[in-house]
Amino acid sequence: MTVQIELGTQTSGMPAAMDLEELLATRLLVQGNSGSGKSHLLRRILEQSAQWVQQAVIDPEGDFVSLAEEFGHVVVDAGSSERDLQTIAARVREHRVSVVFNLEGLDSDGQMRAAGAFLNGLFEVARDIWYPMLVVVDEAQLFAPTASGEFSEEARRVSLGAMTNLMCRGRKRGLAGIIATQRLAKLAKNVAAEASNFLMGRTFLDIDMARASDLLGMERRQAETFRNLDRGQFVALGPALSRRPLQVAIGPVRTRGMGSSPKLMPLPEQPTGGAAEELLFAAGDASPLVERAAPRPIEATGVLRQLSEARPLPDGDPIAEDGMDPQERDAAVAGILADMLADPDAAYQAVAILYQDFQVRCRIAKISPPPDLPGFRERLAVARAGGAAGGVDNEDWARATAIAAQLPDTMRAAYLLLARAAAQKEPCPSNQAIATAYGTRSPGRARWLLGYMEENGFLACSNDLRGRRVIAFPELDWRTEPGDPNGAEVAHS
Ligand SMILES: Nc1ncnc2c1ncn2[C@@H]1O[C@H](COP(=O)(O)OP(=O)(O)O)[C@@H](O)[C@H]1O
Ligand SMILES: [Mg+2]
């Protein structure tokens with residue numbers, strides 16, 4: 001079977017195709033300066049081939065997590081221990097699930113170690129699960145650097161070894177490496193040399209150009225054309241692409257990256273004195289609630305969906321069959337949740353899995369029927385945020401939870417954690433605390449999450465001069481005290 005995927009269009013207007021089966025055997029190297037469109041190109045390949053082949057993306061910047069929404073990739077956070085990462089990688093191969101391995105927020109040493117562990121996990125599996133798989137590595141020079149840098153020799157050894165395995169010995173095991181780099185001269189030679197297909201984008205530096213023409217077996221003069229390419233244009237060459245250098249304009253993508261280029265816009269006139277602060281922190285009326293863009297839905301991944309669909313959910317029956325009165329019931333349910341969350345790992349578990357545990361505990365406590373999944377999510381969000389806010393007017397807190405309910409359910413606990421701190425005039429929680437409420441160990445995800453909530457009008461972040469963060473909730477007229485974003489505290493007491 002040959003499967004052709006469409007990369008985009010040739011200058012003649014004809015479609016430019018890539019032979020997926022050939023690619024599995026011959027690998028691909030993508031080179032181009034920052035902003036030349038490499039990540040877009042990788043996304044195009046991933047989207048076009050998602051239905052045909054299993055995929056793993058090594059994603060240093062959290063750029064590809066949006067593939068989860070539309071294509072069901074499972075996002076694996078790199079914050080776990082190296083042993084756990086190897087186990088997860090082996091399961092990925094066993095169950096043939098496509099994944100995005102998110103390394104955002106780790107320092108270079110941590111990124112190298114995590115990527116090394118994960119890639120080795122994909123590589124070292126039993127022969128009977130050597131199914132074909134695309135392994136896409138963006139910014140590959142980070143994982144296979146030529147020179148030493150801000151990382152330990154040990155981390156470099158692990159990560160370079162794993163990249164070499166992927167590119168040199170992966171084929172037999174079903175792994176097809178697709179690597180992209182902005183600095184060809186900084187990518188280890190043996191790793192680059194194993195790719196037989198090339199997509200060359202805009203390249204400025206002579207030293208990168210020289211490496212490219214060596215690899216492609218081109219005259220330097222011919223490689224000079226790489227300087228004149230526009231964003232999104234690449235020269236294709238190789239058995240899966242074209243026998244002669246072919247210029248291709250990469251086609252559009254369906255999902256969105258996080259890293260779209262910033263555009264300059266004129267600033268509005270600056271208010272003076274306390275007026276600017278007033279603008280940010282003044283109480284808003286209820287209207288922004290209506291005008292706010294609906295949050296992008298964050299769909300459960302295929303695996304979690306399967307898990308939650310596996311058992312039919314009981315309807316939210318208003319009359320509890322266990323005969324408990326509602327208050328007694330609430331207290332019992334709250335007790336079960338508190339017990340569950342006392343386990344430090346509970347913060348990082350998927351809701352669908354926690355819900356199964358919860359249902360069992362309810363059965364033992366003779367609570368019947370247990371709250372349904374949406375009800376459980378709501379209570380879990382409040383419990384993860386450290387419970388309802390003591391000393392805050394009930395009606396105000398109810399408004400906060402109503403606003404939280406407009407967020408994707410994975411984000412509610414983090415929102416309520418922040419709202420609770422603001423309502424009680426406490427310091428703004430750290431990235432670590434926010435990340436924990438979001439179910440991840442990566443502080444980088446906390447920054448992303450705040451950006452998301454700010455963009456969608458849920459809150460406004462600002463810093464004081466000491467770099468401490470203040471978060472305001474315009475609709476609730478609450479704001480936190482300044483807090484250190486890099487503080488170490490995790491759990492809210
Ligand atoms: N073929 C293309 N069509 C439309 N937009 C593109 C294309 N290639 C890149 N872009 C846009 O240009 C910007 C930079 O592209 P990106 O893929 O992030 O570059 P790189 O990864 O090489 O730094 C992004 O905003 C991206 O959406
Ligand atoms: Mg990029």
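Numbering of ligands and ligand atoms starts at 1, following listing order.
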Subject >> Numbered atoms of ligand 1 (with element) below 4.0 Å of S36, judged on heavy atoms >> reply: 19 (O), 22 (O)
Original post:
Hey, is ligand 1 close enough to G37 that some N/O pair sits below 3.5 Å?
Top reply: yes
Subject >> Short N or O distance, L41 and ligand 1, threshold 3.5 Å exclusive >> reply: no
Subject >> Metal check, the Mg ion (ligand 2) vs S39 N/O/S, cut-off below 2.8 Å >> reply: yes
Original post:
Just going by heavy-atom distances, which of Q233, Q31, H40 is nearest to atom 5 (N) of ligand 1?
Top reply: H40
Original post:
Can you tell me if D19 uses its side chain to pair, donor with acceptor, with the backbone of Q4 under 3.5 Å?
Top reply: no
**OP:** Considering the heavy atoms of I250, write down every atom of ligand 1 situated less than 4.0 Å from one of them.
**Re:** 1 (N)
Original post:
Between the side chains of N431 and R445, does any donor sit under 3.5 Å from an acceptor?
Top reply: no
Subject >> side chain to side chain donor-acceptor pair (under 3.5 Å) partner of R227, chosen from T203, N33, D206 >> reply: D206
**OP:** With D208 as reference, evaluate Q31, Q182, R183, K186 under the side chain to side chain donor-acceptor pair (under 3.5 Å) test and give the passing residue.
**Re:** R183
**OP:** State the CZ-CD distance between F101 and Q111, to the nearest 0.5 angstrom.
**Re:** 9.5 Å
Original post:
Say you draw a straight line from CD of E61 to CH2 of W448; how long is it, rounded to the nearest 0.5 Å?
Top reply: 15.5 Å
**OP:** Compute the minimum heavy-atom distance from N33 to ligand 1 and say whether it is under 4.0 Å.
**Re:** yes
Subject >> Atoms of ligand 1, numbered as shown, that sit under 4.0 Å from any heavy atom of G232 >> reply: 1 (N), 8 (N)
Original post:
Does ligand 1 have any atom sitting under 4.0 Å from a heavy atom of G32?
Top reply: no
**OP:** Check R231 against ligand 1 and report side chain, backbone, both or neither, counting heavy atoms closer than 4.0 Å.
**Re:** side chain
Subject >> Six-ring centre of Y131, R96 cation under 6.0 angstrom, axis tolerance 45° >> reply: yes
